[in-house]
Amino acid sequence: MLTADFFARDAVTVAQELLGCTLWHGDAGGIIVETEAYTDDPASHAVLRGPRGQLMRETYGRLYVYLIYGMYYCLNFTTDTRGPGAVLIRAIAPTHGIESMQARTPRPMPVHELARGPGRLCRALGIGREHNGEQIGRRVCLQPRATVPPIASSPRIGITQGRDLLWRFFIPNEPSVSRFR
DNA sequence: CAAGTGATTAGCT
DNA sequence: GCTAATCACTTGT
């Protein structure tokens with residue numbers, strides 16, 4: 001099981017090393033296939049002066065969960081002992097608890113679409129506000145990867161600033177990776 | 001391609 | 001205190 005010290009390093013390193021690991025909540029779980037790194041760049045919530053930025057600046061190895069666009073949650077893990085950092089989990093390839101995931105979706109979906117995209121991922125795993133600030137391993141758990149997967153990178157998605165940074169990481173040819181615009 | 005959704009935040013008073 | 005803008009998305013046309 002991965003513990004907090006895994007997240008003591010910088011977000012870009014952690015984002016790449018999370019690919020291939022298995023993410024669990026309850027009986028639902030899957031392999032992480034897409035991540036994004038955030039540090040102290042303008043697209044990062046670390047610039048926010050409120051509790052959001054504080055969690056990202058002052059903790060590591062904890063969950064950072066927030067509501068976006070009024071309807072969806074996004075799951076991050078805070079990183080870095082020395083400065084702001086977080087890794088957004090954008091997609092997993094479901095392996096366990098498919099029935100639980102299907103039960104949380106409004107309509108039946110193909111398995112590879114259940115947790116494709118950060119909003120869908122949280123819906124599939126049943127992760128919401130109540131997990132914000134929680135220590136990794138308490139309810140949401142991570143299992144180390146067995147082998148190192150191939151890794152590709154691109155600009156991060158949906159942001160207006162920091163487009164030059166290639167801080168989105170994904171496993172090529174994985175159907176659960178969100179479509180690149 | 002546009003709309004829906006509500007918490008959070010910055011910038012005022 | 002109050003208000004308007006913003007938002008690391010998804011879905012349906």
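Chain A is the first sequence line, chain B the second, and so forth, proteins listed ahead of strands; every chain is numbered from 1.
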Counting only side-chain heavy atoms from C-beta out, which of C/dA8, B/dT9, B/dT8 sits nearest to A/P51?
B/dT9

Shortest non-hydrogen contact from A/G29 to A/L125?
N-CD2, 4.3 Å

Quick check: closest heavy atoms across A/S178 and A/G117, and the distance to 0.1 Å?
CB-N, 4.5 Å

Is A/R120 close enough to C/dT11 that one of its side-chain N or O atoms is under 4.0 Å from OP1 or OP2 there?
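True: A/R120 side-chain N/O within range (under 4.0 Å) of C/dT11 OP1/OP2.
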
Check this one for me: any side-chain N or O of A/R90 less than 4.0 Å away from OP1 or OP2 of C/dT10?
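For A/R90, the contact criterion (side-chain N or O under 4.0 Å from OP1 or OP2 of C/dT10) is not met.
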
In whole angstrom, give the distance that lies between atom [atom1] of [X] and atom [atom2] of [N].
X      : N      : atom1 : atom2 : answer
A/N132 : C/dA8  : CG    : P     : 16 Å
A/L75  : C/dC9  : CG    : P     : 13 Å
A/M56  : B/dT8  : CE    : P     : 17 Å
A/Y38  : C/dC7  : OH    : P     : 12 Å
A/R104 : C/dT10 : CZ    : C1'   : 18 Å
A/R179 : C/dC9  : CZ    : C1'   : 15 Å
A/R107 : C/dT11 : CZ    : C1'   : 10 Å
A/Q54  : B/dT8  : CD    : C1'   : 14 Å

N/O donor-acceptor pair, side chain A/Y66 with base B/dA7, under 3.5 angstrom
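For A/Y66, whose side chain was compared with the base of B/dA7, there is no donor-acceptor pair (under 3.5 Å).
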
Have a look at A/R123 and say if it touches a base, only the backbone sugar-phosphate, or nothing, with a 4.0 Å heavy-atom cut-off.
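A/R123: backbone/sugar contact only, no base atoms under 4.0 Å.
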
Salt bridge [X]-[Y], side-chain N to carboxylate O under 4.0 Å:
X      : Y     : answer
A/E36  : A/R90 : yes
A/R9   : A/E17 : yes
A/R168 : A/E34 : yes

Side-chain H-bond candidate by donor/acceptor type, A/S44 with A/D41, under 3.5 Å
no

Ignoring hydrogens and angles, state whether a donor on the side chain of A/H131 or A/Y73 is under 3.5 Å from an acceptor on the partner side chain.
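Side chains of A/H131 and A/Y73: no pair found under 3.5 Å.
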
How about A/Y60 and A/F7: are their ring centroids closer than 6.0 Å?
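Aromatic pair excluded; centres sit 6.0 Å or further apart.
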
Could you walk me through whether A/R179 and A/I157 pass side-chain contact (heavy atoms from CB on, under 4.5 Å), step by step?
CA-CA 10 Å; A/R179 259 197 65 209; A/I157 291 180; over 6 Å; no

Short heteroatom pairs, N/O only, protein and nucleotides 3-6 of chain B, under 3.5 Å:
residue	atom	partner	partner atom	Å
B/dT5	O2	A/Y69	O	2.6

Strand partner of C/dG12, provided both Watson-Crick or wobble distances fall under 3.5 Å:
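Pairing partner, where one exists within any strand: B/dC1.
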
Using atom names, set out every protein N or O paired with an N or O of nucleotides 10-13 of chain B below 3.5 Å, distance rounded to 0.1 Å.
residue	atom	partner	partner atom	Å
B/dA10	OP1	A/R49	N	2.9

